[in-house]
**Q** 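One structure, pasted below without further comment.
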Amino acid sequence: MGQLYQAISEVEENLSRLLNEVKSLRQYIEYLEEENVKLKRQLCAVSEADTARVQKNAARIQKEAHVNLEKLYSEGFHVCHIYFGEPMEGSCLFCNAFLRKD
Ligand SMILES: [Zn+2]
């Protein structure tokens with residue numbers, strides 16, 4: 001009888017531990033749902049003007065990056081993904097393809 005009693009006690013302990021885990025998981029889910037709602041609201045708050053500005057800046061950054069790569073290339077360094085930054089002797093097919101040179 002003592003063994004059975006102990007076994008049941010253990011099951012009870014495990015159950016209450018599980019229950020606690022479920023509770024904390026539920027709290028975490030609530031927190032995540034609130035965060036999700038908040039983020040969605042923030043996303044909607046971004047105006048079209050902001051979106052346009054971000055797109056314009058992204059294009060500018062891309063153009064500037066390309067200009068910098070052209071400069072690096074003209075100074076004799078690889079700008080291709082394979083040898084990037086290494087000194088270049090002659091010409092490199094990858095660099096030319098990357099910069100769309102013939
Ligand atoms: Zn190269």
Side-chain angles (χ1 to χ4, degrees):
M1 206 58 184
Q3 269 188 339
L4 192 62
Y5 184 79
Q6 201 184 337
I8 288 175
S9 291
E10 276 174 27
V11 169
E12 273 177 343
E13 268 174 44
N14 285 339
L15 272 177
S16 82
R17 206 177 303 132
L18 270 176
L19 214 71
N20 279 334
E21 272 180 44
V22 169
K23 269 185 205 161
S24 62
L25 268 177
R26 187 174 289 180
Q27 281 176 346
Y28 187 56
I29 288 172
E30 276 170 24
Y31 163 77
L32 284 180
E33 278 177 350
E34 274 173 35
E35 194 67 15
N36 196 21
V37 168
K38 220 191 292 174
L39 287 174
K40 275 186 184 165
R41 217 177 287 140
Q42 279 177 6
L43 203 62
C44 290
V46 175
S47 67
E48 273 182 43
D50 282 341
T51 309
R53 206 179 58 202
V54 167
Q55 279 172 343
K56 218 176 91 185
N57 283 339
R60 249 176 57 192
I61 289 167
Q62 217 167 26
K63 205 176 133 199
E64 221 160 281
H66 194 82
V67 168
N68 285 334
L69 288 175
E70 289 270 8
K71 204 176 142 210
L72 198 63
Y73 177 82
S74 71
E75 286 167 0
F77 294 96
H78 285 277
V79 294
C80 61
H81 291 75
I82 299 153
Y83 304 111
F84 187 84
E86 290 178 28
M88 186 172 55
E89 284 170 35
S91 70
C92 170
L93 278 177
F94 303 113
C95 284
N96 291 346
F98 182 63
L99 295 172
R100 292 188 189 147
K101 290 182 181 295
D102 294 315

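Counting convention: from 1, in listed order, for ligands and their atoms alike. Just so it is clear, the values below take in all heavy atoms, side chains as well, and ignore hydrogens, waters and symmetry mates. Please read all numbers here as calculations on a predicted model, not as lab measurements.
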**Q** Which protein N, O or S atoms sit under 2.8 Å from the Zn ion (ligand 1)?
**A**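 His78 ND1, Cys80 SG, Cys92 SG, Cys95 SG, with waters left out.
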
**Q** Please enumerate all residues that pass ring pair (Phe, Tyr, Trp, His ring centres under 6.0 Å) together with Tyr83, with sequence neighbours excluded.
**A**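 His78.
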
**Q** Run through the side-chain heavy atoms of Ile, Leu, Val, Met, Phe, Trp and Tyr, join any pair under 4.5 Å, and report what else lands in Leu43's cluster.
**A**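 Direct or chained contacts put Leu43 with none.
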
**Q** Step through it carefully: locate the ring centre of Phe98, locate the ring centre of His81, and say whether they are under 6.0 Å apart.
**A**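 Aromatic pair counts; centres sit under 6.0 Å.
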
**Q** Examine the side chains of Asn20 and Arg17 and answer whether a donor and an acceptor come within less than 3.5 Å of each other.
**A**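 Looking only at side-chain atoms, Arg17 and Asn20 do not form any donor-acceptor pair under 3.5 Å.
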
**Q** Just to verify, what does Arg41 make a side-chain contact (heavy atoms from CB on, under 4.5 Å) with, not counting sequence neighbours?
**A**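 Partners of Arg41 under the side-chain contact (heavy atoms from CB on, under 4.5 Å) test: Val37.
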
**Q** Count the heavy atoms belonging to other residues, nucleotides or ligands that lie under 6.0 Å from CD of Glu89, then report whether that count exceeds 12.
**A**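 It does not: Glu89 CD has 12 such atoms or fewer within range.
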
